Amino acid sequence: METNEEKQLKLDKRYIRMAGIWAENSYCTRRRVGALIVKDKMIISDGYNGTPSGFENVCEDDNGVTKPYVLHAEANAITKIARSNNSSNGATMYVTASPCIECAKLIIQAGIKRVVYSEKYRLEDGLELLKRANIEVIYIDPNE
């Protein structure tokens with residue numbers, strides 16, 4: 001019989017794979033990131049990195065540098081919640097890359113209690129801030 005931890009790990013792996021598929025929607029060429037917000041085993045929001053609504057779907061300038069107004073996947077998922085009748089309070093965020101410090105602040109303010117990620121970002125200040133806010137942070141290797 002499966003333990004609750006084993007069941008949760010299976011769910012976490014499934015949702016992180018789904019976030020990876022969602023990242024494929026991104027028009028960014030340098031890096032594609034996907035995020036899902038899940039509450040009570042329901043996906044209540046999703047996001048991927050890209051430009052704001054109504055902007056051209058080009059994330060990088062002619063030199064390959066990301067444009068300053070590109071939104072991260074986490075920010076897109078959280079702002080989508082703000083436009084809905086859902087609440088992210090107590091939810092889990094699944095994101096393909098570990099959150100930056102700016103997204104970590106949004107995650108904290110959105111009331112998200114768990115963050116599951118599958119790729120380590122070069123800076124870890126976002127993860128440190130999440131841990132400081134007592135948010136459970138879980139790394140899942142997508143190749144396992």
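Note that the structure is predicted; figures quoted are calculated from it, not measured.
- Taking every heavy atom of both residues into account, G90 and K113 meet most closely at CA-CG, 3.6 Å.
- Across P99 and L130, no two heavy atoms sit closer than the pair CG-CD1, 4.0 Å.
- By the 6.0 Å contact criterion, CD on Q109 is open, its count of non-hydrogen atoms from other residues, nucleotides or ligands being 12 or less.
- The NZ atom of K10 sits 9.5 Å away from the NZ atom of K13 when rounded to the nearest 0.5 Å.
- Using a 4.5 Å cut-off between side-chain heavy atoms of Ile, Leu, Val, Met, Phe, Trp and Tyr, with links allowed through other members, Y94 and I43 fall into the same hydrophobic cluster.
- Side-chain N or O atoms of N63 include none that pairs as donor or acceptor with a backbone N or O of V65 at under 3.5 Å.
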Please walk me through it: do R14 and L11 pass side chain to side chain contact (heavy atoms under 4.5 Å, CB included)?
CA-CA 5 Å; R14 190 172 301 136; L11 276 176; 3.7 Å; yes

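- Linking Ile, Leu, Val, Met, Phe, Trp and Tyr whenever their side-chain heavy atoms come within less than 4.5 Å puts I44 and I135 in one cluster.
- With hydrophobic clusters built from ILVMFWY side chains whose heavy atoms lie under 4.5 angstrom apart, V137 shares a cluster with L129.
- The two residues R31 and S26 come nearest to each other via the heavy atoms O-OG, 4.3 Å.
- Checked by atom type and distance alone, the side chain of S98 never pairs as donor or acceptor with a backbone atom of K120 at under 3.5 Å.
- Remark: the backbone N or O of S88 is not paired with any side-chain donor or acceptor of K39 at under 3.5 angstrom.
- E56 approaches Y69 most closely through the heavy-atom pair OE2-OH, 2.7 Å.
- Rounding to the nearest 0.5 angstrom, the gap separating the CZ atom in R17 from the CD1 atom in I140 is 9.5 Å.
- Y48 and N76 share no side-chain donor-acceptor pair at under 3.5 Å.
- The distance from the SG atom of C59 to the NZ atom of K67 is 8.0 Å, given to the nearest 0.5 Å.
- To the nearest 0.5 angstrom, Y27 atom OH is 13.5 Å from T29 atom OG1.
- Heavy-atom minimum distance, G64 versus R30: O-CD, 2.8 Å.
- Put simply, the side chain of H72 does not reach to within 4.5 Å of the side chain of V95, judged on heavy atoms.
- Heavy-atom minimum distance, A75 versus C103: N-SG, 4.2 Å.
- Transitive grouping of hydrophobic side chains (ILVMFWY, heavy atoms separated by less than 4.5 Å) brings L127 and I112 into a common cluster.
- Each of D46, T92, I78 was evaluated against I37; a single residue qualifies, I78, per the side chain to side chain contact (heavy atoms under 4.5 Å, CB included) test.
- To the nearest 0.5 angstrom, I21 atom CD1 is 7.5 Å from M18 atom CE.
- Not one N or O on the side chain of T96 forms a donor-acceptor pair closer than 3.5 Å with the backbone of G20.
- Using a 4.5 Å heavy-atom threshold, the side chains of M93 and E74 count as touching.
- Hydrophobic clustering keeps I107 apart from V38 (ILVMFWY residues linked when any side-chain heavy atoms are closer than 4.5 Å, directly or through intermediates).
- Among V116, I138, D141, the single residue meeting the side chain to side chain contact (heavy atoms under 4.5 Å, CB included) criterion with I16 is V116.
- Side-chain contact check for N4 and Q8: no donor-acceptor pair (N or O, by modelled atom type) lies under 3.5 Å.
- Of the possible polar contacts, one joining the Y15 side chain to the K41 backbone as a donor-acceptor pair under 3.5 Å is found.
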